[in-house]
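As structure tokens, the structure follows; a few thoughts come after it.
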Amino acid sequence: MSDNTRIKRVDLKVGFQCNNHCLFCVQGRKRERTASKKIEEIKKFIRESAKSGKDEIVLTGGEPTLHPDFLKIVRFAKKNNFSNIQIQTNGRMFAYPDFCVQTIKAGANEFAPALHGSDSKTHDQLTGFEGSFGQTVQGIKNLRGLGQRVITNTVVTKLNYRQLPQIAELLVKLDVNQFQFAFVHITGQAAENKKIIVPRKKEALPYVKAALDIGMRARKMVMTEAIPYCLMSNYEECIAEKIIPGASVFDIEFTISDYDNYRKTIGKAKGPECRRCKKFDICEGPWKEYPEMFGWSEFRPIE
Ligand code: SF4
């Protein structure tokens, strides 16, 4: 039984509508069958989460900025005294300076946009929307220009892994506060497109590490997700799972009260050799779908 009082963060999916169509979207086709949450239902979640001692909220989806009551939701989170209000976004709406100002005024104080390429060709191919790269980059510039904390996520795929060092250089130039490379999770759209978008981890790793080096040299906080210790020698400090805060997830179709526990016990897996590994107790292993596709040969126990 997990102790949920330690969980201070709530991850609230307000709806699955999105103006991108990412080839790796973990939410798959939910947007086709699910309407956005109504504002009253969202307010109830926020109120109850605040009452249960949650202090940080991540508004996500889908693309949360497209929810018709987005600003009201942010304001309501602020009113309920969440100290950290993060917007997990594709970043495109923040290309509009007025929208940035309104969102900050409403109470958001951390922004997590996603950048998947160092140029429009790569990023737009992955997001399925021509022009998305230009808008996301402009959004990051606007938010940083307004002094906001920006932490980006880049999904590592077969179509962009060779470009990770260039992406890191761009993120340093944009002066983001932190960036993360998350290995593609083979679920939702990513499962449908797995043959074209999932690389072998070993092939992507040299590029991931070169990109981390660029960030570290620029004194940025740099992280990776879903790449276990046995593939991260000399870069263990960058493993995000060590510091990801515990969270409750409010999806539209389900609720997970302890996502940390869910990720470790259901989402991820360890292989037949893992028991012999020195990191067994602290390692989460890869998302379980990866070894289902490629087997366990890349994951060698650390002696
Ligand atoms: S426990 Fe398994 S997946 Fe984790 S580092 Fe060790 S060998 Fe790799």
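This is a predicted model, so every value here is computed, not measured. Just so you know, ligand 1 is whichever comes first in the structure, and atom 1 is the first atom listed for that ligand.
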Review point. What orientation do His185 and Trp287 show, parallel under 30°, tilted 30 to 60°, or perpendicular over 60°?
Key: parallel
Study note, to complete from the structure: ligand 1 to Arg300, heavy atom cutoff 4.0 Å, flagged ligand atoms 7 (S)
Check your understanding: Among Ser233, Gly271, Cys230, which residue places a heavy atom closest to atom 5 (S) of ligand 1?
Key -> Cys230
Exercise for review: From atom 2 (Fe) of ligand 1, work out which of Cys274, Cys283, Pro291 has a heavy atom at the shortest distance.
Suggested key: Cys274
Check your understanding: If you count the atoms of ligand 1 from 1 in the order shown, which ones are under 4.0 Å from a heavy atom of Pro301?
Key -> 7 (S)
Check your understanding: Any heavy atom of Glu284 sitting closer than 4.0 Å to ligand 1?
Key -> no
Review point. Measuring from Ile42:CD1 to Lys13:NZ, what's the distance to the nearest 0.5 Å?
Key: 13.0 Å
Practice item. Give the C-alpha distance, both sets of side-chain angles, the deciding distance and a yes or no for ring-ring contact (aromatic ring centres under 6.0 Å, His included) between Phe94 and Tyr96. Key: CA-CA 5 Å; Phe94 296 106; Tyr96 302 98; 9.7 Å; no
**Study point:** Gln27 and Lys30 side chains, donor-acceptor separation under 3.5 Å
**Key:** yes
Study note, to complete from the structure: atom 6 (Fe) of ligand 1 has as its nearest protein heavy atom Cys277 SG, 2.4 Å
Practice item. Using the side-chain hydrogen bond (donor to acceptor under 3.5 Å, both in side chains) rule, pick out the option among Lys268, Glu298, Lys201 that qualifies with Tyr290. Key: Glu298
